[in-house]
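Written out below as structure tokens is the structure these notes cover.
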Amino acid sequence: MLVLIEVGARKISCGLRVSSFAPDRGKMDDRNLSVLMLTPEAAPFARTGGLGDVTGSLPAALRTRGLKTSVIMPYYRCVRESGVNAPVIVDGLSIPLGVPGLDASVRKAETPDEVDVYFVEREDLYDRPNLYGSPAGDYYDNLERFSFFCHAALKTAIALDLRPDIIHCHDWQASLAAPLLAGPYRNAQSLSKSRCVFTIHNIGYQGVFPAERLSVTGLPKETFFHTEGLEFWGGINLMKGGIVYSDVVTTVSPSYALEIQTPQFGMGLEGVLRKRSGSLKGILNGIDDRIWNPAVDPWIPAAYSRADMDRKIQCKRSLITSSGLECPLNRPVIGIVSRLDRQKGLDLVAEAANSLLELDVALVILGTGDREIQNRLEHTAARTPKRMSFTPAFNDELAHRIIAGSDIFLVPSLYEPCGLTQIYALKYGTVPVVRSVGGLEDTVIDAGDFPERGNGFKFKQHDVPSLLNAVQRAIKAFGQPRKWKKIAITAMDSDFSWNQSAEKYLELYHAMAD
Ligand code: ADP
């Protein structure tokens, strides 16, 4: 429970308190607020998962509500190749990092939603095949890449005199901005009123590096390298820096905000988060229902809405055929679109695949990631090609077609900060079966426990029998068409668009101005 807490003279009326470490940057004008989002990815320019979806759609939702919203991100190779019209607006921006003479260029595009998107360009750092690494592992110089990015983002705000009221940093790659604002940039005139929000999208990725590389960040050791700062088991932890030095910390669901304060989910940062619990808030992610909406989705074979759910069966038929499956329409198709990762519970899926197929269902899986999980899924699919299809790729169109064409959508995560795919599934009337954890807990209501308002099925234990039991309950309901239709319609009626969540961010930003 968040309660109203005062720290010194600074009080936040929605029950969050600002950091006692952050410098007092003066009073913020709470009308005509402007926000600058620092993010390592944003759709449609560069995206590896849910973070990119959110930083692609939240700014537009805020802009619609009158907030001046800008985004700044690296100019990756995929951004250049996307052909986006983004002319250089600043050349030779000097970045004060270790090696003298490091310059950046800044490009600018404007989205149709009137969001300004700035790109930090530096070929040797960002012009690469991927965003963060190759299949062999993370890029060796990610500390340099994202330290440079954070400095360049703040320098851009200064050079363009953006004067953002809120600097909103996303995940460890942008988290260095919080200590930079508290330290080296604290006297920058154009940032003097900026308050800092740090959002944790996944605490499993913290940006941990050896202590001897601290100089790469541009932070003075004596002020920042200690147990109350970025120091973490003898190394540097950039996410810890975001947590400690931001004014407010958010994460992407209320349940995850509580979970990460426990040893089971906090991944070593639970103590730091507990210290900041008065300034920690969970705001559920929203979805962009212009992209994820079965009534207007150009990628699915038949558009449908809750009024003509019968057309969903055309999507199912097409998915079965195009996946080379043989599955009568009165048997359920179970879909999965996911990173192949233990976090997502895909190791459980690999283990449970044979037992799932024995339940007389078809299984359609799309995903990339862990090599061993991929091998196991490939092996099962090769043995049972008429019942199971596995596509090891990142493919937007197929993702939409699976989410529309399946009856049941499986998300058995070990932990789940928010999870977007189960929300997409709800929107498409595809009934989610999920593990009750994090954002899955917050978005799915078990139809067995709550027959009137249930929109899916949940299981608690992270093991194969519990997963199978929940799927069996879903299959049983699928066999009762009236009951199933009610669950599917309830799923479609669940509103997880930005309507509510963007308002919560607005409320937060305004509260920070008080
Ligand atoms: P994550 O933890 O991976 O960010 P989310 O559920 O929050 O999980 O978001 C995942 C996003 O990535 C969704 O938009 C989903 O459709 C997309 N996605 C994941 N894997 C694939 C894939 N193989 N092909 C296409 N889209 C994918």
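Residues: numbered from 1 along the sequence shown. When a ligand or atom number is given, it counts from 1 through the structure's own listing order.
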Which of the atoms of ligand 1 are close to Tyr424, meaning less than 4.0 Å from one of its heavy atoms?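 Within the 4.0 Å cut-off of Tyr424, ligand 1 contributes 13 (C), 14 (O).
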With heavy-atom distances below 4.0 Å as the criterion, list the atoms of ligand 1 near Gly367.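 In order of number, 23 (N).
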Protein contact of [atom] - nearest heavy atom, named by residue and atom, plus distance:
atom                    : answer
atom 1 (P) of ligand 1  : Lys344 NZ, 3.6 Å
atom 2 (O) of ligand 1  : Arg339 NH2, 2.8 Å
atom 17 (C) of ligand 1 : Arg47 NH2, 3.6 Å
atom 12 (O) of ligand 1 : Gly49 CA, 3.6 Å
atom 18 (N) of ligand 1 : Phe394 CE1, 3.7 Å
atom 15 (C) of ligand 1 : Thr421 CG2, 3.6 Å
atom 14 (O) of ligand 1 : Asp53 OD2, 2.6 Å
atom 23 (N) of ligand 1 : Ala393 O, 2.7 Å

Short N or O distance, [X] and ligand 1, threshold 3.5 Å exclusive:
X      : value
Leu420 : yes
Gly50  : yes
Asn395 : yes
Ala399 : no

Assess the side chains of Arg63 and Thr111: does a donor N or O sit below 3.5 Å from an acceptor N or O?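 Note: Arg63 and Thr111 side chains miss the donor-acceptor criterion.
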Tyr415 versus Gln264, side-chain donor and acceptor atoms under 3.5 Å: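 Absent: no donor and acceptor within the cut-off.
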Ser338 contact mode with ligand 1 (heavy-atom cut-off under 4.0 Å):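 Under 4.0 Å from ligand 1, Ser338 contributes backbone atoms alone.
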If we check side chain to side chain contact (heavy atoms under 4.5 Å, CB included) with Thr39, which of these qualifies: Ile72, Val54, Val71, Leu58?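 Looking at Ile72, Val54, Val71, Leu58, the match for Thr39 under the side chain to side chain contact (heavy atoms under 4.5 Å, CB included) is Val71.
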Of Leu154, Leu180, Val197, which is the lone residue that meets side chain to side chain contact (heavy atoms under 4.5 Å, CB included) with Ile167?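 Output: one option passes, namely Leu154.
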Give a yes/no verdict on a cation-pi contact between Arg128 and Tyr139, requiring under 6.0 Å between NZ or CZ and the six-membered ring centre and an angle within 45° of the axis.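 Yes.
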Is it true that the NZ or CZ of Arg473 lies under 6.0 Å from the centre of Phe457's six-membered ring and within 45 degrees of the ring axis?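 Judged by the rule (NZ or CZ under 6.0 Å from the ring centre, within 45° of its axis), Arg473 is not positioned above Phe457.
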With a 4.0 Å cut-off on heavy atoms, is His201 touching ligand 1?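 No, that is not the case, since the closest heavy atom of the residue is not under 4.0 Å from the ligand.
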Is there a heavy atom in Gly52 that sits closer than 4.0 Å to ligand 1?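 Per 4.0 Å heavy-atom rule, Gly52 does not contact ligand 1.
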About how many Å separate OG1 of Thr391 and CD1 of Ile365, when rounded to the nearest 0.5 Å?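 Those atoms lie 9.5 Å apart.
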Distance-minimising heavy-atom pair for Phe149 and Gln173: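 Heavy atoms only, the tightest pair is CD2-O, 4.0 Å.
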Could you tell me whether the side chain of Asn237 and the main chain of Lys240 form a donor-acceptor pair under 3.5 Å?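 Yes; judged by distance alone, with no hydrogens or angles, the pair exists.
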Please confirm whether Phe119 and Tyr126 have ring centers closer than 6.0 angstrom.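 No, ring centres 6.0 Å or more apart.
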Is the Trp292-Tyr424 ring centre distance short of 6.0 angstrom?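 Ring centres of Tyr424 and Trp292 closer than 6.0 Å.
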